[in-house]
Amino acid sequence: MTGLPIDAAGERATAAANHGGHGGHGGHGGYNLTGFIIFLCSESVIFLALFAGYINFKLSSPVWLPPGVSGLEVREPLINTIILVSSSFVAWAAERALAQRRLWRFRALWLLTMAMGSWFVYGQAVEWAHLHFGLGDGVFGGTFYLLTGFHGLHVITGILLMALMLARSFRPGNYDGGEAGVISVSLFWHFVDVIWIVLFLLLYAWQP
Amino acid sequence: MASSSVPFDPRVLKAPHPVPGAPDNWKRFFSFNTDAKVIGIQYMAVALLFLLVGGLLAMIMRGELITPAADLVDPTVYNGLYTMHGTVMLFLFLFPILNGFNNLLIPPMIGAPDMAFPKLNAAAFWLFPLFGIILMASFFVPGGPSGSGWWAYPPVSTQNPLGHFINGQFLWILAVALSGVSSIMGAINFITTIIRMRAPGMTYFRLPIFCWTAAAAQTIQLVGLPVLTGGAVMLLFDLSFGTSFFRPEGGGDPMLYQHFFWFYSHPAVYVMVLPVFGIFSELFPVYARKPLFGYKVVAIASFAITFLSLIVWVHHMFYSGTPQWMRNLFMVTTMLIAVPTGIKVFAWLGTLWRGRIRLSTPMLFCLGGLFNFIFAGITGIMLATVPVDIHVGNTYFVVGHFHYVIFSTITFGVFAGIYHWFPKFTGRMYYEGLGKLHFVLTFIGSTLNFLPMHWAGLMGMPRRVASYDPEFALANVLASLGAFLLGVATIPFILNIVSSWARGPKAGPNPWQAIGLEWLLPSPPPAENFEDDVPTVISGPYGYGLGHPLVEHEERYIARSREA
Amino acid sequence: MTPSPPAQARRFPLAALLLIALAVVADGAVSLWMARVSHLWLPVQASAAAPYVDDLFALETGIGSFIFLGCFAVMAWTLLFNRAPKYDMEDGDPIEGNLKLEITWTIIPLVIVMLIAAHAIRVNDTLATIGSKQRVLGGEQAMQVAGGGQGASAVAEEVGPIEVIARQWSWEFVYPDGTRSAELHLPVNQRARFKFISMDVLHGFYVPAFRLKQDLVPGSVIDYSLVPTREGRYRLRDSMFSGGYFSSNQTDVVVESADGFRRWLAEAARAPLQESPNPAQQLWQDRLAKGDKGWATVPPAPPPIVNVIHDSTAPHEG
Ligand code: HEA
Ligand code: HEA
Ligand code: CUA
Ligand SMILES: [Cu+2]
């Protein structure tokens, strides 16, 4: 070892794996999870901010519901909510299946999670299509669409990420270095679910 | 100091990885390179260019303000100029240049080969020229750039006089949002790197203070930026898609935006100042030849500042219709910040005390910066006092206060850092004479520029005005002269950097006899720093005069750094 | 933080102690002088709030000067006496910290700032300028809400509520009897009550001689009050950036004796309504005449129609 780059050149990957000895960390997969958790913490603050904005408007706006609107329909969204929340448990089961190296079981459960998520997005789209107010109808309209839309975007992102993980599960040897990707995505999915529960309470349960 | 006739090991030139400083390798600065040291230099170079742009805008503004009437430019143009000046300086100069320091310093200081996520790092960097161009493009859209101040308070910011979809304000929001995305990517990277990639033996309480302050600052980014992003998205919807979050006619509330904005933008000032506290803490021990006084407390005080910075934002809104109890509460929290900050200031003074002080250029900038910071902190405490702020808020007193921090402290610290680590990352020494000239001109210029502003503000001159009553003329003439002197002061700086990099004397691995992992590396350090042969740290940083080595087998590393 | 060698602490020489005492006394004297001088940096005091604000400012100037000079003295001392000679590569004393000292300089600033804060809270309670705030849907509704309490000045020694209406870029004042003016007239030594209304964007009501400022927030009607204490004509400046011609959005406050004010109001009530010229309007016309160059701005709102216009040529103090 001379300390010149030429010695490690080309074998970055090996070098990285060898790093496991110092600093007390094992492999770079661990970084990914650390980084992802930090990201989720940060992401949750955006939602916190939007919730705070919503609560502020709800409590202090001189007008709330746009003329002709009496409130939100709760039944359909409630069913949707139940589906989304239960999908979290399915994702968890999938993750466990993977840990036990039962790949096909993992793929099936993972696909089921994706399907439940998609059903939720579909239900959301149907709801949007039938509402009698728009984005520009006062703060109520604005916050409603902003919150549900921003959350919906996260659900769609989650589904796409799951699709990516599903595709990668067919790559031989993909999980030899651990399944950080799957763990991260399912963390993300739980996160999206928890956010929805709060959203549901704020938007649908807490009505005038 | 070993300086062989061949500057680089010939094998280096064939290495597949770019080597900082290798003569044939300048092209890497223009490519999607994932090496933190290349990215660091990219950040710094582009940021310094934008310092010139922001400074040029300031020169025009000071030209306008040298006479009471609005005679140089139309008032609407003046509004655009100061908005863009503030935005360019903060988002295109200060944040990026500090990210440059993070990239250059964090991996070598902790003994890591690179950042935890090199690709993410490069992506975060390349967003920067992108949003830089977007912001600059706003000068050329119909109606000109945003002219609503860097706060972009609605309803002014959502008035959109020409009604175009693409307008200056729209591009402004886009640029700021992208800057936020880039900063979050950076923050995740820096924090993960510091947590996970430290050399063996490098415990948290052996980390150099710069890493502590970087971590403290980046934590603020993670907590604060999302809130600003939320506010910016709502502002964009109000501006472009007809919502009424901040429009009273639809039940919205312009005050809510102010809370969103300051929840981030107050802590943001500590994002900017904390790394500079780090630079001070690194440099004072080197040039006073003494250990940092009270290392542990200084380290912890960084996070005390992080925590407090998140609960003081309403001090920017004392006169906005904030109820009395809220004013009192936030006055108290704001004042508490003087405590951890004071700990740092006194620790630096303690470090100087009975040292063996060497007045090289970096030290001069540190001392000047510290001197100005104490002044700025005291005016900050005055601003935190509600009754006083009610009088001087939104006047030039505030402009004076924050330029004393943002220019006379932070930019001084940035200059200090550039001079101090210049030999490390370029392998060349800068010219001391030019450096001292730069310091003297900058110190005189900034004092002349920003000190009279306090007086104008006390007399009641509002900020953001293109014209003013004649009683404020004297203060403004002085300030303008100081500003022009600052413009002149950039000449020796640019001259120094460019010519020393091209043909300055070879620097050797450790020209300052400094203690720290980065100084055990050759100058410039090889692409992966210590690679696999990472030293084991056995003592805390700043062991000046203590006589114990920093790492195991220190002589071996020193010998090797000279060899290269 | 290993404590510094105790032997050193014991041998602390008397001469050094004297020197420090002398320095502290000198520092104190200079700071006291700075606190006195600080009054000269401020405009005339024309409201009940002004003396409180100025005294608080002087107090902070004094404390601030003391800290600043103290720190500066340490820096100057080290620069004079602790410089390394040229080519000297020695290290300094390896002092790593001193717990007692560190605790001291944590607690003393804490005590100082908390005392300042406590004092400032008392001043706040004394001044009590800002009243309640009512949310409304924009300018029209604000006018109705503010107009509701008109004519009913509850306490004898008070005037008001006077509606303060800000627009891009003009000021209008409506007195309880319905009289309108473009410059604000107030009787001296009486509490004046206001309703702050903005018709478009944020504006700031700022009278430096009063040391008071309050934003006018669209979508809110804000109650405000103050007591002018000195006769004269003072500048009222828009302090919250309000767009294009923000800098010319200024008018005057005229503080008169109670009799003077009554006479002025009676005369004003009889004066015919007329358009009050304002500088923003003028600048806008000039700009249009020159081909509308410059960056985008909304056009100025139509000038207010008032009984008394603003005389921008009259000399003002502060
Ligand atoms: C960039 C860095 C930066 C830093 C570090 C600070 C530091 C501080 N700032 Fe400043 N501030 C800004 C940048 C900064 N500020 C900017 C950009 C604005 C305006 C934004 C805009 O409006 O556009 C602003 C505006 C601003 C306001 C709003 C004014 C207004 O708009 O009306 C206030 C009010 O409280 C304030 C207070 C403070 C305080 C209390 C500190 C404290 O952190 C200072 C603490 C330090 C010390 C006190 C000195 C050292 C301590 C000692 C030596 C110990 C002993 C001291 C005592 C006992 C007092 N600042
Ligand atoms: C990092 C932040 C930063 C820095 C470094 C500066 C630096 C300077 N600022 Fe800055 N300023 C802000 C951040 C900063 N400012 C912010 C946030 C605001 C508030 C905006 C708002 O209210 O919304 C503000 C507002 C502001 C105002 C108040 C405007 C108003 O309220 O009406 C003024 C007025 O004098 C001013 C002046 C200056 C000057 C003279 C410098 C000098 O230090 C600049 C020195 C100049 C240089 C170092 C470069 C010189 C370059 C040349 C001479 C030409 C180069 C050539 C080419 C490009 C080809 N600034
Ligand atoms: Cu990879 Cu340490
Ligand atoms: Cu602040």
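What you see below is based on every heavy atom in this structure, not just the backbone, and it leaves out hydrogens, waters and symmetry mates. Lettering follows sequence order; numbering is per chain, from 1.
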Relative to chain B, which segment of [X] carries a heavy atom at a distance below 4.5 Å: side chain, backbone, both, or neither?
{"X": "Leu135(A)", "answer": "both"}
{"X": "Thr143(A)", "answer": "both"}
{"X": "Phe39(A)", "answer": "both"}

Pair count under 4.5 Å, heavy atoms only, with chain B: among Leu48(A), Ile37(A), Leu50(A), Asn56(A), highest is Asn56(A)
If only side-chain N and O atoms count, and only distance matters, is there a donor-acceptor pair under 3.5 Å linking [Y] with [X]?
{"X": "Gln124(A)", "Y": "Thr148(A)", "result": "no"}
{"X": "Ser88(A)", "Y": "Trp189(A)", "result": "no"}
{"X": "Lys119(B)", "Y": "Thr34(B)", "result": "no"}

Can you tell whether the side chains of Glu179(A) and Arg168(A) come within less than 4.0 Å, N to carboxylate O?
no
Below 4.0 angstrom, N of the basic side chain to O of the carboxylate: do Arg560(B) and Asp533(B) qualify?
yes
Using heavy-atom distances under 4.5 Å, tell me whether [X] contacts chain A through its side chain, its backbone, both, or neither.
{"X": "Phe237(B)", "answer": "side chain"}
{"X": "Met185(B)", "answer": "neither"}
{"X": "Phe260(B)", "answer": "side chain"}

Is Ser309(B) reaching over with its side chain to a backbone N or O of Pro267(B), donor-acceptor style, under 3.5 angstrom?
no
For the candidates Gly224(B), Pro226(B), Gly250(B), which exhibits the highest count of non-hydrogen atom pairs separated by less than 4.5 Å from chain A?
Pro226(B)
